[in-house]
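Accompanying notes for the structure given below.
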Amino acid sequence: MKNSVKAVIITGGLVMLLLIGLLVWAVAQRAESENDPKPQVLREESHVLDDGGPDAVTVVEFLDFECEACGAFYSVVEELRQKYDGQITYAVRYFPLPGHVNSMNAALAAEAAAQQGEFEAMYQRLFETQTQWGEAAEPDPAVFRALADEIGLDMAAYDKAVKDPATAERVRRDRSEGTFLGVEGTPTFFVDGQMLTLEKWGDLEKAIIEAQSR
């Protein structure tokens, strides 16, 4: 009888330990999920150039400021932003490519400008001057500092932001999330959360029109 009671106590203890273990595992899994949210095409920290409101078609571009294709699409994008003003929400996210020696410097310059409320001004100047610094053999941060001065930034604040590891981390977050979303090259566009496969110049506008009709 004593052995039987002892066995019951041991079994009960093992069951209790198992339940505690399962509870700890469940809490850990929940915490991990909360700390590693699912990839999102658009985040609160993303740079929104045009906000068309809750009913607007959302267009998000992952770009590399040194990418020639992004530079070529820049004029197309600007025309669409004007044509569909108030009808689309247009946002930009960073995706610097490792083969471009100044792509990270350009992204840092854009993010430093964003911290002073001048993201769009830097965004425009980077594409307008891309042929002057793109495809360089060596990185040249001075080029982007000159652009920052040109658009009237506080240069002490700019220098501090460019050197701050948090600024580079902000850029890397975009690139990392883009990778999770399936971005492999630039420019990559998402319209209402769906990645586009671009074959012709008019494909982006076509996707916007189709999204408006849904």
Side-chain angles (χ1 to χ4, degrees), residues 41-42 46-53 56-114 116-136 139-140 143-153 171 174-175 178 181-213:
V41 173
L42 182 64
S46 300
H47 298 303
V48 176
L49 302 183
D50 302 308
D51 187 350
V57 173
T58 300
V59 181
V60 178
E61 178 184 4
F62 282 83
L63 59 77
D64 174 348
F65 287 108
E66 193 172 356
C67 167
E68 291 182 351
C70 293
F73 255 100
Y74 171 67
S75 60
V76 175
V77 166
E78 293 301 285
E79 289 177 8
L80 292 177
R81 288 180 60 199
Q82 183 175 0
K83 184 175 182 179
Y84 293 94
D85 183 35
Q87 302 176 53
I88 65 173
T89 291
Y90 194 84
V92 169
R93 302 192 69 179
Y94 305 112
F95 200 82
L97 298 171
H100 294 153
V101 299
N102 274 308
S103 59
M104 189 61 178
N105 284 326
L108 291 175
E111 187 57 27
Q116 298 188 41
E118 294 293 344
F119 175 83
E120 186 167 1
M122 181 61 82
Y123 160 85
Q124 291 173 337
R125 290 303 291 141
L126 286 169
F127 279 127
E128 290 166 356
T129 63
Q130 186 195 70
T131 57
Q132 300 172 24
W133 53 266
E135 302 300 322
D140 189 0
V143 170
F144 308 104
R145 192 176 190 280
L147 293 178
D149 191 32
E150 183 182 311
I151 65 175
L153 297 186
V171 174
D174 268 8
R175 196 187 192 291
L181 290 165
V183 177
E184 296 180 347
T186 56
T188 293
F189 295 92
F190 289 79
V191 175
D192 280 349
Q194 299 298 312
M195 185 190 294
L196 299 187
T197 299
L198 298 176
E199 296 179 352
K200 295 178 291 187
W201 291 105
D203 285 348
L204 179 56
E205 183 172 17
K206 180 181 177 183
I208 292 172
I209 293 171
E210 290 177 348
Q212 287 180 321
S213 66

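Here, residue 1 is the first one in the sequence, and each next residue gets the next number. Basis for what follows: all heavy atoms, side chains included, without hydrogens, waters or symmetry-related copies. Just so you know, these numbers come straight off a predicted model, no measurement behind them.
Of the possible polar contacts, one joining the Asn102 side chain to the Asp140 backbone as a donor-acceptor pair under 3.5 Å is found.
Listed by first then second residue, pairs satisfying ring pair (Phe, Tyr, Trp, His ring centres under 6.0 Å) with a partner in residues 80-101 read His47-Tyr94, not counting sequence neighbours.
Glu205 is not listed as a side-chain neighbour of Glu79, based on a closest heavy-atom distance of 4.5 Å or more. Here the side chains of Val59 and Leu204 are in contact, with some heavy-atom distance below 4.5 Å. Between Arg81 and Val77 there is a side-chain heavy-atom pair separated by less than 4.5 Å. Taking 4.5 Å as the limit, some side-chain heavy atom of Pro96 sits within range of a side-chain heavy atom of Val171. At least one side-chain heavy atom of Arg175 sits less than 4.5 Å from a side-chain heavy atom of Leu97.
Ile208 contributes atom CD1, which lies 5.0 Å from atom CG of Leu80 (distance to the nearest 0.5 angstrom). Rounded to the nearest 0.5 Å, atoms CG (Leu108) and CE (Met122) are 11.0 Å apart. Atom CD of Glu210 and atom CG of Asp192 lie 11.5 Å apart (nearest 0.5 Å). Interatomic distance, CZ of Phe119 versus CD of Glu111, reported as 8.0 Å (0.5 Å rounding). The line from CD of Gln132 to CG of Leu147 is 8.0 Å long, rounded to the nearest 0.5 Å. Interatomic distance, CG of Leu42 versus CZ of Arg93, reported as 7.0 Å (0.5 Å rounding).
With Thr89 as the fixed residue, the side-chain contact (heavy atoms from CB on, under 4.5 Å) test singles out one of Asp50, Val57, Thr58: Thr58. Looking at Gln130, Glu61, Gln124 one by one, the single match for side-chain contact (heavy atoms from CB on, under 4.5 Å) with Tyr74 turns out to be Gln124.
Ring orientation note: the planes of Trp133 and Phe144 are nearly perpendicular, at an angle over 60° on the 30°/60° scale. Ring geometry, Tyr123 versus Phe65: the interplanar angle exceeds 60°, so the pair is classed perpendicular (tilted spans 30 to 60°).
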Steps toward side chain to side chain contact (heavy atoms under 4.5 Å, CB included) verdict (Asp203, Phe189): CA-CA 10 Å; Asp203 285 348; Phe189 295 92; over 6 Å; no
Determine, step by step, whether Leu181 and Phe190 satisfy the side chain to side chain contact (heavy atoms under 4.5 Å, CB included) criterion, reporting the C-alpha distance in whole Å, the side-chain angles of both residues, the deciding distance to 0.1 Å, and the verdict. CA-CA 10 Å; Leu181 290 165; Phe190 289 79; 4.0 Å; yes
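Smallest separation of non-hydrogen atoms from Met195 and Val183: CE-N, 3.8 Å. Here the shortest heavy-atom pairing between Pro187 and Phe73 reads CG-CD1, 3.8 Å. The minimum heavy-atom distance between Trp201 and Ala72, with the atom names listed, is CH2-CB, 3.7 Å. Between Ala211 and Val191, the shortest heavy-atom contact is CB-CG1, 3.9 Å. Here the shortest heavy-atom pairing between Val101 and Pro139 reads O-CB, 3.7 Å.
More than 12 non-hydrogen atoms from other residues, nucleotides or ligands lie less than 6.0 angstrom from CD of Glu128.
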